[in-house]
Amino acid sequence: MDLNDTILQKTIDESLFYRQIYLADIPNIPLYMEQVTSFIDEKISFSKRDPSDKILTKTMINNYAKDKLIPPPLKKKYAKEHIVFLILIYHLKSILSIADIKILLTPLLKKVLDGDTADLFFVYEYFLKMQENKAYQLENSSVNSEIQKILTVFNLVMEANNKKRFAEKIIDNYF
């Protein structure tokens, strides 16, 4: 196996490639389950290792709601905050257990259930910066320690995800 610098760099670039789903890309109107699964599948399908891999199913969403990982749907519809939670869960679950994800996201869920989405959207914006491989730095000293801890876990998970994807690319391309 010959991994010269050019091939290795191409493999690194492919493994670290993320298509961002910015908050502005997420519909501001509530969506039905089928619309949610279609939206997320369309936006995250690039990350599938195998075309048959499932990103998100109706059963997963129902289980996440039942297990209180996401807010319950309102009249069978899902809002922007639901989609943000689902995207975060998708990225976390390849490294963390569902039980750990629940522990991590519970402080954000409690605030969302109280009508406050600010911290959730703040964490999501930092998560996007981490995906872009920008240095993780919390420059805002007004961010509370709970949010700082959540972001630290996200940073570690993103590093682990990147290494995992890189290893998978090498295996897929060279073995």
Side-chain angles (χ1 to χ4, degrees), residues 13-49 51 53-58 60-65 68-96 101-102 104-144 146-162 165:
D13 292 344
E14 287 174 358
S15 68
L16 298 179
F17 176 72
Y18 289 96
R19 285 189 196 119
Q20 301 296 331
I21 305 172
Y22 298 103
L23 284 173
D25 297 335
I26 300 172
N28 283 323
I29 57 169
L31 303 175
Y32 287 105
M33 173 83 73
E34 191 69 37
Q35 294 169 309
V36 171
T37 57
S38 294
F39 174 81
I40 291 180
D41 191 54
E42 174 191 321
K43 297 293 185 183
I44 302 182
S45 63
F46 71 90
S47 68
K48 289 182 182 180
R49 185 173 181 189
D53 290 345
K54 296 287 185 198
I55 291 183
L56 189 65
T57 65
K58 294 175 188 178
M60 288 177 191
I61 295 173
N62 285 330
N63 287 339
Y64 296 157
K68 296 182 174 45
L69 280 145
I70 64 172
L74 301 171
K75 298 181 182 177
K76 297 186 180 187
K77 290 186 179 181
Y78 299 84
K80 183 178 268 195
E81 54 269 18
H82 290 98
I83 294 171
V84 168
F85 273 115
L86 292 168
I87 293 167
L88 294 175
I89 291 167
Y90 171 77
H91 288 285
L92 291 168
K93 74 180 185 176
S94 66
I95 303 298
L96 298 176
I101 294 169
K102 183 175 181 176
L104 180 68
L105 296 181
T106 293
L108 297 172
L109 180 62
K110 285 180 180 177
K111 289 185 179 184
V112 168
L113 292 174
D114 287 341
D116 181 3
T117 59
D119 283 347
L120 173 66
F121 293 157
F122 178 84
V123 166
Y124 187 72
E125 291 290 337
Y126 260 84
F127 166 76
L128 293 176
K129 290 177 185 176
M130 289 176 210
Q131 279 188 327
E132 293 171 353
N133 294 314
K134 293 183 178 169
Y136 169 69
Q137 294 178 348
L138 259 182
E139 298 154 4
N140 188 346
S141 60
S142 67
V143 174
N144 71 46
E146 185 174 58
I147 297 299
Q148 288 177 356
K149 290 172 189 166
I150 290 170
L151 291 171
T152 299
V153 171
F154 270 97
N155 190 44
L156 294 169
V157 167
M158 289 309 300
E159 285 181 28
N161 269 331
N162 288 341
R165 289 173 57 119

Identify the heavy atoms of Val84 and Ile26 that sit nearest to each other, and give their distance.
CG2-CD1, 3.7 Å
Taking every heavy atom of Lys54 against every heavy atom of Met60, the minimum-distance pair comes out as O-CE, 4.4 Å
Could you name each residue pair satisfying side chain to side chain donor-acceptor pair (under 3.5 Å) that touches residues 21-32, not counting sequence neighbours?
Tyr22-Glu132, Asn28-Lys80
Closest heavy-atom contact between Ala160 and Ile95?
CB-CD1, 3.8 Å
Look at the rings of His91 and Phe127 and say which category their plane angle falls in: under 30° parallel, 30 to 60° tilted, over 60° perpendicular.
tilted
Once you round to the nearest 0.5 Å, how far does CD1 of Ile101 lie from CZ of Phe85?
12.0 Å
Check ring-ring contact (aromatic ring centres under 6.0 Å, His included) between Tyr78 and all other residues, then give those that pass, not counting sequence neighbours.
His82
Under the rule for side chain to side chain donor-acceptor pair (under 3.5 Å), what residues qualify as partners of Ser94, not counting sequence neighbours?
Asn161
Ile83 versus Leu31: any side-chain heavy-atom pair under 4.5 Å?
yes
Under the side-chain contact (heavy atoms from CB on, under 4.5 Å) rule, collect the residues that match up with Glu159, sequence neighbours excluded.
Asn155
Name all residues meeting the side-chain contact (heavy atoms from CB on, under 4.5 Å) criterion together with Lys111; count only those two or more places apart in sequence or in a different chain, and write none if there are none.
Asp116, Asp119, Asn144
State, to 0.1 Å, how close Leu108 and Leu120 come at their nearest heavy-atom pair, and which atoms those are.
CD2-N, 3.9 Å
Which heavy atom in Leu23 sits nearest to a heavy atom in Tyr124, and how many Å separate them?
CD2-CD2, 3.7 Å
Does any part of the side chain of Glu42, heavy atoms only, come nearer than 4.5 Å to the side chain of Ser38, both counted from C-beta?
no
Partner residues of Lys68 under the side chain to side chain donor-acceptor pair (under 3.5 Å) criterion, sequence neighbours left out:
none
What are the two closest heavy atoms between Tyr64 and Lys93, and how far apart are they?
OH-NZ, 3.3 Å
Can you tell me how far CG of Leu113 sits from CD1 of Ile70, rounded to the nearest 0.5 angstrom?
10.5 Å
Are any of the side-chain heavy atoms of Leu56 and Ile44 separated by less than 4.5 Å?
no
